[in-house]
Amino acid sequence: MKVIALLLVIAVFTAQAAPSLIGQKTVSSLNGWRAIKRADLEKTISVGFMIKQNNMDTIEKLFWEVSNPKSELYGKYLSHEEIGQLVSNPEATSAVMSFLENAGLEATQVNTHGEYVEAEIPVSLAEDLFNARFNVYVSNFHGFNITKTASYTIPQALLE
């Protein structure tokens with residue numbers, strides 16, 4: 001399975017060791033944010049899953065070929081659809097969909113080629129799924145609040 005880069009649209013996840021969870025990630029910077037209270041466990045947050053794309057080496061090679069005036073492919077750009085088909089990773093997208101289904105959730109958004117999947121998840125369930133603890137943070141610069149966490153652990157089912 002090739003899934004990964006877990007991205008939280010409204011939240012950034014936290015991690016602590018757990019037997020079924022591996023792939024700990026810590027957010028490198030919370031600069032400008034200050035925790036003000038524990039997140040409401042009943043609140044729903046948007047969680048985005050960035051799917052690892054296939055054939056990125058081919059995409060890079062094509063990039064240089066279409067950009068090189070000496071290449072036969074110079075100026076012969078691929079369409080968005082052609083690139084999408086080349087990099088799509090249906091197995092990884094399916095793994096995320098299965099992960100959500102097994103958690104009793106469903107995707108609220110899936111991009112055309114499956115490179116991004118989003119779901120609405122209650123904070124309490126997100127904490128369990130990703131071994132995370134959510135807090136409400138306030139921006140020191142703008143004063144608005146968001147629900148997020150400092151690190152997360154990626155479940156084994158979503159790792160390569």
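- For P90, the side-chain contact (heavy atoms from CB on, under 4.5 Å) test picks out S88, with sequence neighbours left out.
- Annotation: the span from L125 atom CG to F130 atom CZ amounts to 8.0 Å, rounded to 0.5 Å.
- Note that CG of N145 is 9.0 Å distant from CZ of R34, once rounded to the nearest 0.5 Å.
- In this structure, M50 and Y116 have side chains that are in contact, with non-hydrogen atoms separated by less than 4.5 Å.
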With side chain to side chain donor-acceptor pair (under 3.5 Å) as the criterion, how do N111 and Q109 come out once you've worked through the C-alpha distance, each side chain's angles and the decisive distance to 0.1 Å? CA-CA 7 Å; N111 283 18; Q109 176 184 347; 3.0 Å; yes
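- Under the 4.5 Å side-chain criterion, counting only non-hydrogen atoms from C-beta, L129 is not in contact with V47.
- Remark: side-chain polar atoms of T108 are paired, donor with acceptor, to backbone N or O of E118 under 3.5 angstrom.
- Between the N89 side chain and the K52 main chain, a donor and an acceptor come within less than 3.5 Å of each other.
- With rounding to the nearest 0.5 angstrom, the OG atom of S94 is 9.5 Å from the CD atom of E101.
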Might you work through the side-chain contact (heavy atoms from CB on, under 4.5 Å) test for H113 and E81, ending with a clear yes or no? CA-CA 9 Å; H113 299 289; E81 181 64 26; 3.4 Å; yes
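- The hydrophobic cluster containing I83, built from Ile/Leu/Val/Met/Phe/Trp/Tyr side-chain heavy atoms closer than 4.5 Å, also comprises M56, I59, L62, V66, L73, Y77, L78, L86, V87.
- F144 and W33 have perpendicular rings, their planes meeting at more than 60° on a 0 to 90° scale where under 30° would count as parallel.
- Shortest non-hydrogen contact noted between G114 and I51 is O-CG1, 3.0 Å.
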Using the side chain to side chain donor-acceptor pair (under 3.5 Å) rule, take E120 and T44 through it: C-alpha gap first, then chi angles, then the decisive distance, then the call. CA-CA 6 Å; E120 297 293 320; T44 300; 5.7 Å; no
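- By the rule that hydrophobic residues join a cluster once side-chain heavy atoms approach within less than 4.5 Å of another member, V138 and I146 end up as members of separate clusters.
- E65 places none of its side-chain heavy atoms less than 4.5 Å from the side chain of K76.
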Start with the C-alpha distance between K43 and F134, add both sets of side-chain angles, then the distance that settles side-chain contact (heavy atoms from CB on, under 4.5 Å), and finish with yes or no. CA-CA 11 Å; K43 179 179 179 173; F134 287 87; over 6 Å; no
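- Between the CD atom of E60 and the CG atom of D57 there is a distance of 8.5 Å, given to the nearest 0.5 Å.
- I121 is connected to L41 through a chain of hydrophobic side-chain contacts under 4.5 Å among Ile, Leu, Val, Met, Phe, Trp and Tyr, so both are in one cluster.
- Taking the side chain as every heavy atom from C-beta outward, V117 and T93 approach each other to under 4.5 Å.
- Here the OH-CG distance, from Y152 to N131, works out to 13.5 Å after rounding to the nearest 0.5 Å.
- Connection of V136 to I45 is not established within any shared hydrophobic cluster, with ILVMFWY side chains joined at heavy-atom distances below 4.5 Å, either directly or through further cluster members.
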